[in-house]
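Reviewing the structure listed below.
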Amino acid sequence: MCGITGISGDFEETFLKKSTKILSHRGPDDDGIFVDNENQIGLGHTRLSIIDLTDRAHQPMTSRDNNITIVFNGEIYNYEILRSELQDDNFVFQSESDTEVILNLYARDGIEFLKKLKGIFGLAIFDKSRKELFIARDGIGIKPLYYSENNNTFSFASEIKAILKLTDSKYNIDYNSINRYLNFLWCPGKGTPFLEVKKVLPGQVLTVRDGQVTCKKFFYNLPSIKFDNYISSRDEAINLVRKKLLSSVKNQLVSDVPVGAFLSGGLDSSAIVAMAKANGVYLPCFTIEPEGGLDDGVAEDLPYAEKVAEYLGVKLEKVKINSKDLSDDLEKMIWTLDEPIADPAPLNVLYISQLAREHGIKVLLSGSGGDDIFTGYRRHMAIKYDYFWSWMSSSSRKKIHYLTSLLNNEKPFSRKLNRLFSDAACDGDERLISFFHWASQDETFDLFSNNIKKTIAKSEASAPIKKYLSTLSPNHTQIEKMLSIEQKFFLADHNLIYTDKMSMACGIEVRVPLLDNDMIEIAAKIPDKFKQRWFQNKWIFKKAMEPFLPRDVIYRPKTGFGAPLRRWMKQDLRDMVSSLLSKKNIKERGIFDGTKVQTLINDNDSGKVDAAYIIFSLLCIEVWCRKFIDQK
């Protein structure tokens, strides 16, 4: 795992060095740059040594004929198989690294080599003979990669902050993206907070020549669902899931440095640790311990994590978190993320990664993805039983929403009912998307200042998701469509981005066995009836794990990897809210309407509305502006 950066077009080597240096947290073990002044190409790399710890794996890495140069961030789990194939074709290797495998694979197969990779990556290859630069991101989007086309120059990097260092160009706020951050707490699609900076989408490769993108295409797409390809046998599905996860974990245990694991006590992280044990490896595990308890209605994870650790015979290290940590580290979180993602969970990843590094760990296995491929969220169950009331007229459903909105939002059950029926009048794709909103689009739009409303009026916050859904077959079930949204957007633009950046801030590589390409292929072939049984989400995965984990861990209630944010926003962090989101500060910033923001805060304090996460989003946007706009 590493940090990569680069530029095509007119540039100064000093800027390239600054861009590389700002990624040093991603690669504290080594760094280097490559400059080709004749072709106006600059590449930078910072290295976290995981496979082949010697200098022979140094990057940027150039082929023996000096024609191809690569910077690579990630891990290729099938690199040994690919290496053997290349050796059979008379390719000679100077290192044991997967980077050199990619270099030679490109020399043999051209850009088509991307389809052969099984792993996680963001990479760039400069082909001198073709005078072309290629950049690509893995198919699921586990590794982030950004690019900018600005002033006839193309630049890219693992993190936005590194792009900002490559030139002295001006970067402007993208208010349509800010609208999406407020609606979803993250930004679906290619947008970022900067108008001139975009995400390389999962499975996408860009071809660049003379500072201009000449081609964009996808080398990987999520598996399409074919009804004649469903796994019809329950036992076959259980065995396939079990067998594939076992092999996926085995592949991802390969490392020349110590490996550990996240262990929340939920099914997904527990399954990863159990599969490692089944492969003969007892992973040291790490978890969080919230001080002061959680929000009402949220089950505590720690007792389950402790139970799993004891059951599997692994060591469990704990790190305590509290509201003061969030207050003290909010600016650090936003700076590390590059984006105003309004979720306290990234700090949990940061604290666990810090603790793991203190114990000499450089690789952590994560259970991310199980909910998104097998159904694991409450919204999945809500969609399953939507048909019970979808026959009602739109006006009747609106009345249900009105009645549930009158309930006391300080009670967990009332909050859940209100969220369930918040977009009750929506149908079809609109209904699916509504489960990802934290408030209606009308409510969030109303928080903006009049000037910004004019800017964003013609751009719908959910437009990227709507566009994607329009490409899916009408034969897809609602559950299949929702899982596609989870994998295409919620994972790539939210969970995976914050997991990567917060762990890499500590020099920790995170691997996600549940998002192995073969596992996703298998999950796509499993019909809804095996993913959900009665009121049980993720049923097939739970059945597959029964021989390996205690039943009360497998069948425990679903909880989030978060913090008691609702209580913190009303009590522990209330002074911070008052300070950063004062009417004066809001007015000076000019993005939001100060009066309406204050009304929202007061209504949340009184329990009239449940707006803790929207207020936290406003807070994160303000902090982002201070770090990336005011202090640029």
Side-chain angles (χ1 to χ4, degrees), residues 4-9 39 41 43 68-74 76 78 82 101-150 152-158 163 187-192 196-226 463-473 484-485 487-489 491-493 496-497 515 517 520-521 524:
I4 65 173
T5 182
I7 190 165
S8 171
N39 291 291
I41 291 288
L43 302 175
I68 306 165
T69 302
I70 184 174
V71 285
F72 165 64
N73 166 36
I76 305 304
N78 63 333
L82 296 171
V101 171
I102 297 174
L103 194 68
N104 286 331
L105 203 60
Y106 172 79
R108 189 187 71 177
D109 300 338
I111 206 65
E112 292 300 308
F113 84 92
L114 290 165
K115 296 177 181 178
K116 295 183 172 72
L117 301 183
K118 290 188 177 182
I120 55 180
F121 58 86
L123 60 82
I125 293 176
F126 172 57
D127 187 328
K128 191 173 183 178
S129 64
R130 297 172 62 95
K131 298 184 182 298
E132 288 181 331
L133 174 74
F134 302 93
I135 70 168
R137 185 181 180 194
D138 68 77
I140 308 303
I142 295 166
K143 303 307 295 179
L145 190 60
Y146 301 87
Y147 70 96
S148 175
E149 297 178 89
N150 203 2
N152 298 314
T153 299
F154 177 89
S155 53
F156 70 90
S158 299
I163 288 180
C187 183
K190 65 181 180 180
T192 77
E196 297 83 6
V197 179
K198 305 299 180 187
K199 301 168 194 161
V200 178
L201 296 175
Q204 189 176 45
V205 56
L206 277 61
T207 304
V208 180
R209 191 181 181 94
D210 298 327
Q212 302 291 318
V213 176
T214 58
C215 179
K216 294 180 184 178
K217 64 179 182 179
F218 290 91
F219 65 88
Y220 177 88
N221 289 292
L222 292 174
S224 58
I225 297 162
K226 299 177 181 178
I465 302 178
K466 277 188 175 180
K467 182 179 179 181
Y468 172 70
L469 285 173
S470 69
T471 68
L472 299 181
S473 165
S484 289
I485 297 173
Q487 295 164 36
K488 186 75 174 178
F489 298 100
L491 274 174
D493 298 326
L496 297 176
I497 277 183
L515 293 178
N517 287 14
I520 292 174
E521 293 277 351

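Excluded from the calculations below are hydrogen atoms, water molecules and symmetry mates; all remaining heavy atoms, backbone and side chain alike, are included.
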Which atoms form the tightest heavy-atom contact between Val208 and Thr214, and what is the distance? N-OG1, 4.4 Å
Does the side chain of Pro223 reach to within under 4.5 Å of the side chain of Ile520, using non-hydrogen atoms? yes
Side chain to side chain, Ile102 and Phe72, heavy atoms closer than 4.5 Å: yes
Counting C-beta onward and ignoring hydrogens, is there a side-chain heavy-atom pair between Tyr220 and Leu114 closer than 4.5 Å? no
Donor-acceptor contact present, side-chain Asp138 to main-chain Lys143, <3.5 Å: yes
Reference residue Val101; test side-chain contact (heavy atoms from CB on, under 4.5 Å); the match among Asn78, Leu82, Ile76: Leu82
Could you report the tightest heavy-atom contact between Leu133 and Ser8, atom names first, then the distance? CD2-CB, 4.3 Å
Pair Tyr468-Ile465, side chain to side chain contact (heavy atoms under 4.5 Å, CB included): steps then yes or no: CA-CA 5 Å; Tyr468 172 70; Ile465 302 178; 5.7 Å; no
Roughly how far, to the nearest 0.5 Å, is CG of Leu103 from CD1 of Ile125? 7.0 Å
Could you walk me through whether Thr207 and Ile111 pass the side chain to side chain contact (heavy atoms under 4.5 Å, CB included) check? CA-CA 10 Å; Thr207 304; Ile111 206 65; 6.0 Å; no
Return the set of residues passing salt bridge (Lys or Arg N to Asp or Glu O under 4.0 Å) with Arg209 (not counting sequence neighbours), or none when no residue passes. none
In terms of heavy-atom contacts, Ile135 and Ala124 come closest through CG2-CB, 3.7 Å
Hey, does Lys198 have a side-chain heavy atom less than 4.5 Å from the side chain of Tyr147? yes
Whether Lys217 side chain and Val205 backbone form a donor-acceptor pair below 3.5 Å: no
Between the main-chain N or O of Ile4 and the side-chain N or O of Ser158, is there a donor-acceptor pair closer than 3.5 Å? yes
Least distance between heavy atoms, Ala157 atom then Leu145 atom: O-CD1, 3.5 Å
Kindly say whether Gly122 contributes a backbone atom to a donor-acceptor pair with the side chain of Asn73 at under 3.5 angstrom? no
Checking Ile163 against Thr5 for the side chain to side chain contact (heavy atoms under 4.5 Å, CB included) test, could you report, in this order, the C-alpha distance in whole Å, the side-chain angles of both residues, the deciding distance, and whether it holds? CA-CA 7 Å; Ile163 288 180; Thr5 182; 5.8 Å; no
Those residues that, when tested against Lys190, pass side chain to side chain donor-acceptor pair (under 3.5 Å) (two or more places apart): none
Among residues two or more places apart or on two chains, list those pairs meeting ring pair (Phe, Tyr, Trp, His ring centres under 6.0 Å) that have a residue in residues 121-146. Tyr106-Phe134
In short, Phe219 meets Ala136 closest at the heavy-atom pair CE2-CB, 4.1 Å
Atom CG in Asn221, atom CD in Gln204: separation rounded to 0.5 Å? 10.5 Å
Sequence-distant partners of Glu196, side chain to side chain donor-acceptor pair (under 3.5 Å), two or more places apart: Asn172
Side chain to side chain donor-acceptor pair (under 3.5 Å) against Lys488, all qualifying residues, sequence neighbours excluded: none
Check: Lys131 main-chain N/O paired with Asn39 side-chain donor or acceptor under 3.5 Å: no
For a 4.5 angstrom cut-off between non-hydrogen side-chain atoms, does Thr192 reach Lys199? yes
Separation of Asp109 CG from Asn104 CG (nearest 0.5 Å): 10.5 Å
What distance do Ile497 atom CD1 and Leu491 atom CG have between them, rounded to the nearest 0.5 Å? 11.0 Å
Can you tell if the side chain of Leu206 reaches within under 4.5 Å of the side chain of Phe154, non-hydrogen atoms only? yes
Partner set under side-chain contact (heavy atoms from CB on, under 4.5 Å) for Pro202, not counting sequence neighbours: Arg137, Ala492
